[in-house]
Amino acid sequence: MGEPKSKQFENIYYGLSNSPGILKLAPSGLGWKTPDSDSIVTISADEFKRVHWIRVARDYQIKFALKNGNAARFDGFPKENFESLREIIRTNYKLNLETKEICVKGWNWGETDFQGSQLLFNISKKTAFEIPLSHVSNTNLQNKCEVSLEFMQPEPFGEDSQSRSHRTPTHELVEMRFYIPGSTKVVKDGETEDEAGEEVEVEEEEEMSLASLFFEEVREKADLTQVSGEGIVLFNDVLLLTPRGRYDIEMFSSFFRLRGKTYDYKVQYSSVGSLFLLPKLDDLHEMFVIGLDPPLRQGQTLYPFLVLQFKKEEEKEFNLNLDAEVNEKEYGGRLETTYDGAIYHVFSVVFRELTKRKIIKPSGFKSQHDEVAVKCSLKANEGYLYPLEKCFLFIPKPPTLIKTSEIEKVIFTRVSATAVKAPITSARTFDLKFRMKGNFEYQFSSINREEFEHLEEYFRSKKVITENDTSDTQTIQTFMNDISGSSDDEVIPASKRRQIDEDFQLDDSESDVAEEYDENYAGAGSSTEEDEPPKKKVKKSVKSRAEK
């Protein structure tokens, strides 16, 4: 066996990274970094347990199985590197480079195996694929035999400062479902009373579905049931308007977690795009809006915004589980150890510092009643439209963000028509249509007529092109002409119509007309004493009235 030595390999990918880097294998361990980043991944040689050589999509992979149950993967090795790598690993780490075969049959029926924080799917005793459970953001028991796993979008290494909107679109796995039939009996601890009335612990057998056991195992291994209190701060029983429900929100250094009765979510701070703190028009609540990219998934439904609602007057004291050294290094000492005040204020301050995102608040716009938003409807949903500095936001459902820079023009509809219809229908609202660049439109309806001048002035201050749509006025005028059957000059005056009604009188003999079910009715072919039946005279009289 030769002397320990160091060697480096170029164009090597780490884990799910999209950028290749340089891998250095040294007697003390390994290190990996990309040329355009100062971040370095290092693993000590004492943590290595086993090393595998695997054929993958990006050439060949070296997988370091660690003693803590995790694994480090490095892709991009050509086949010719096998011998040199085997020699380095044997010399430096006293381990064998084992060749591991992957099942490529393409079957979807196999067995699952948990190895540390990895979930393996094996077919014919060969691994078909592996799932790092640290990337599972949520799991749900869909029914008695089906479990779904939802994945968070991995953050590309070395691109923290790059906006997601400027990245190249990629296809990524976002959800996987496992069908696990059958059930088994499990032993659980319980309590009962003995003859003396004292409680004693006993073991009870309970039948559970295999899908439920798999679901619980994933929750535990994916760290979705982490004990509360280990994070920086916990906010209990927070009301979410979108998606609807109450959740416990626990904040950690790099992510926050939502725990509800049905769903649990793990959201990375890198997914947070924008933050809004907006007062509700009832003067009782504050709404905190979190924009997410990628959006939160709940089955087939996507939620690009989370809308939280807090009571303004509800106050509480919070103690942050944060070291002073970490606070100074990571957050510049801007976080305090203890907060005592309105819950919405504490939540917004802590969330802003942890995510390093600016909070957008209302500024500039005032409605007729000195409010910061106008009440309106988006399709069948009622809500509030907030004119903000660089955008417009409609909440709570569905949350809709309209950037001012993407607006081609704004069209006021039913404004002129309101004046026409006011004497008849007393309509007091109008509609607002945002025509976006690209011929996409948002239409908000049932806006109070008093807000027209305020919105028009605000659009003018933002240099947004506006116009009034008069097509509704023309439609109303056409409708009035149609129902009259002639032009305005030919409409019979009211005084003339009253005179016609007074002149028209039915003859007493013609007031009662025999019907088919009357015994006096004379049908077709029957004879009467008069040449012309009375019924025909009545019809003629009624027709004459209509002609007048």
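What's counted below: heavy atoms across the whole structure, side chains too, no hydrogens, waters or symmetry copies. Here, residue 1 is the first one in the sequence, and each next residue gets the next number. Since the structure is predicted, the reported quantities are computational estimates derived from the model, not experimental observations.
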What pairs with Tyr303 under ring-ring contact (aromatic ring centres under 6.0 Å, His included), at least two apart in sequence or on another chain?
-> none

Checking side-chain contact (heavy atoms from CB on, under 4.5 Å) for the pair Tyr344/Phe288: CA distance, chi angles, key distance, verdict?
-> CA-CA 8 Å; Tyr344 79 88; Phe288 191 80; over 6 Å; no

Measure from the side-chain N and O atoms of Asp248 to the backbone N and O of Asp237, and report whether any donor-acceptor pair falls under 3.5 Å.
-> yes

Nearest heavy atoms of Tyr339 and Glu336, plus distance in Å = OH-N, 3.0 Å

Can you find a heavy atom in the side chain of Leu278 that is under 4.5 Å from one in the side chain of Leu388?
-> yes

For Phe434, the ring-ring contact (aromatic ring centres under 6.0 Å, His included) test, sequence neighbours excluded, returns Phe392, Phe444, Phe459

How would you list all residue pairs meeting salt bridge (Lys or Arg N to Asp or Glu O under 4.0 Å) that involve residues 127-139, not counting sequence neighbours?
-> Lys63-Glu130, Arg73-Glu130, Lys100-Glu130

Should the pair Glu175-Arg177 be classified as a salt bridge under the 4.0 Å nitrogen-to-oxygen rule?
-> yes

Shortest non-hydrogen contact between Thr242 and Pro396, atoms and distance = OG1-O, 2.8 Å

Are the side chains of Cys103 and Asn122 in touch, meaning some heavy atoms are under 4.5 Å apart?
-> no

Electrostatic pair Lys437:Glu408 at N-O distance under 4.0 angstrom = no

Are there more than 12 heavy atoms of other residues, nucleotides or ligands under 6.0 Å from atom CD of Glu98?
-> yes

Could you tell me which non-hydrogen atom of Tyr331 sits nearest to which non-hydrogen atom of Glu353, and how far apart they are?
-> CD2-O, 3.6 Å

Contact check, side chains of Ile102 and Arg55, non-hydrogen atoms, under 4.5 Å | no

Is there a side-chain contact between Lys7 and Leu25, using heavy atoms and a 4.5 Å cut-off?
-> no

Determine the minimum heavy-atom distance between Cys391 and Leu401, stating which atoms define it.
-> SG-CD1, 3.6 Å

Give a yes or no on whether Asn68 atom CG has more than 12 heavy-atom contacts from other residues, nucleotides or ligands under 6.0 Å away.
-> yes

Ring-ring centroid check Phe121 Phe129, cutoff 6.0 Å | yes

Quick one: are the ring centres of Phe214 and Phe114 less than 6.0 Å apart?
-> yes

OG1 of Thr337 to CG of Asn321, rounded to nearest 0.5 Å, is 10.5 Å

Does Arg297 have any salt bridge (Lys or Arg N to Asp or Glu O under 4.0 Å) partners at least two apart in sequence or in another chain, and if so, which?
-> none

Ring centres of Tyr386 and Phe276 under 6.0 Å apart?
-> no

Report yes if some heavy atom in the side chain of Leu97 is under 4.5 Å from a heavy atom in the side chain of Arg90; otherwise report no.
-> no

Check whether more than 12 heavy atoms from other residues, nucleotides or ligands sit under 6.0 Å from atom NE2 of His345, and answer yes or no.
-> no

Salt bridge (Lys or Arg N to Asp or Glu O under 4.0 Å) partners of residues 382-401, not counting sequence neighbours, each pair once | Glu389-Lys462

For Lys261, does the NZ atom sit with more than 12 other heavy atoms under 6.0 Å from it, leaving out its own atoms?
-> no

Would you sort out whether Leu30 and Phe64 count as a side-chain contact (heavy atoms from CB on, under 4.5 Å), showing the intermediate values?
-> CA-CA 10 Å; Leu30 63 82; Phe64 289 88; 3.7 Å; yes

Could you grab the distance from atom CG of Leu66 to atom CD1 of Ile43, nearest 0.5 Å is fine?
-> 5.5 Å

Under the side-chain contact (heavy atoms from CB on, under 4.5 Å) criterion, do Tyr269 and Arg357 qualify, and how do the steps go?
-> CA-CA 9 Å; Tyr269 291 141; Arg357 298 288 191 273; over 6 Å; no

Distance in Å, Arg259 CZ paired with Lys266 NZ, rounded so as to fall on 0.5 Å steps = 11.0 Å

N/O donor-acceptor pair under 3.5 Å between Asp323 side chain and Val326 backbone | no

Hey, mind stepping through Ile123 and Trp109 against side-chain contact (heavy atoms from CB on, under 4.5 Å) and telling me if it holds?
-> CA-CA 7 Å; Ile123 299 175; Trp109 187 266; over 6 Å; no

Which distance, rounded to the nearest 0.5 Å, do you find between the CD1 of Ile249 and the CD1 of Ile290?
-> 6.5 Å

Which side-chain N or O atoms in residues 78-85 pair as donor and acceptor under 3.5 Å with protein atoms at least two apart or in another chain?
{"unit_1": "Glu83", "atom_1": "OE1", "unit_2": "Arg86", "atom_2": "NH2", "d": "2.6"}
{"unit_1": "Glu83", "atom_1": "OE2", "unit_2": "Arg86", "atom_2": "NH2", "d": "3.1"}
{"unit_1": "Ser84", "atom_1": "OG", "unit_2": "Asn81", "atom_2": "O", "d": "3.0"}

Report, as yes or no, whether the 6.0 Å neighbourhood of atom CD on Glu10 holds more than 12 heavy atoms from other residues, nucleotides or ligands.
-> no

Between Phe318 and Phe347, does the ring centroid distance fall short of 6.0 Å?
-> no

Taking atom NZ of Lys280 as the centre, does the number of heavy atoms from other residues, nucleotides or ligands within less than 6.0 Å exceed 12?
-> yes

Here the pair of heavy atoms bringing Leu378 nearest to Gln443 is CD1-O, 3.4 Å

Would you please classify the geometry between the Tyr14 ring and the Phe74 ring as parallel, tilted or perpendicular, with 30° and 60° separating the classes?
-> tilted

Looking at side-chain heavy atoms only, is the closest gap between Asn236 and Lys316 below 4.5 Å?
-> yes

Do other residues, nucleotides or ligands put more than 12 heavy atoms under 6.0 Å from Ile465 CD1?
-> no

Test item: Ile54 and Tyr60 side chains (from C-beta on) under 4.5 Å apart, heavy atoms | no

Could you give the distance from CZ (Phe235) to CZ (Phe351), rounded to the nearest 0.5 Å?
-> 10.0 Å

Nearest atoms (heavy-atom pairs only) where Pro398 meets Asn381 = CD-ND2, 3.5 Å

Report yes or no: does Lys67 contribute a side-chain atom to a donor-acceptor pair with the main-chain N or O of Asp46 at less than 3.5 Å?
-> yes

Just say parallel, tilted or perpendicular for the rings of Tyr93 and Phe48, cut-offs at 30° and 60°.
-> perpendicular

Pairwise distance CZ(Arg334) to CG(Leu354) - rounded to 0.5 angstrom = 10.5 Å

Kindly check if the number of other-residue, nucleotide or ligand heavy atoms within 6.0 Å of CG (Asn143) is above 12?
-> yes

Given salt bridge (Lys or Arg N to Asp or Glu O under 4.0 Å), test Arg435 with Glu441 step by step and report yes or no.
-> CA-CA 5 Å; Arg435 181 167 295 172; Glu441 293 184 350; 2.9 Å; yes

Would you say the side chain of Leu335 lies within less than 4.5 Å of the side chain of Ile232, judging by non-hydrogen atoms?
-> no

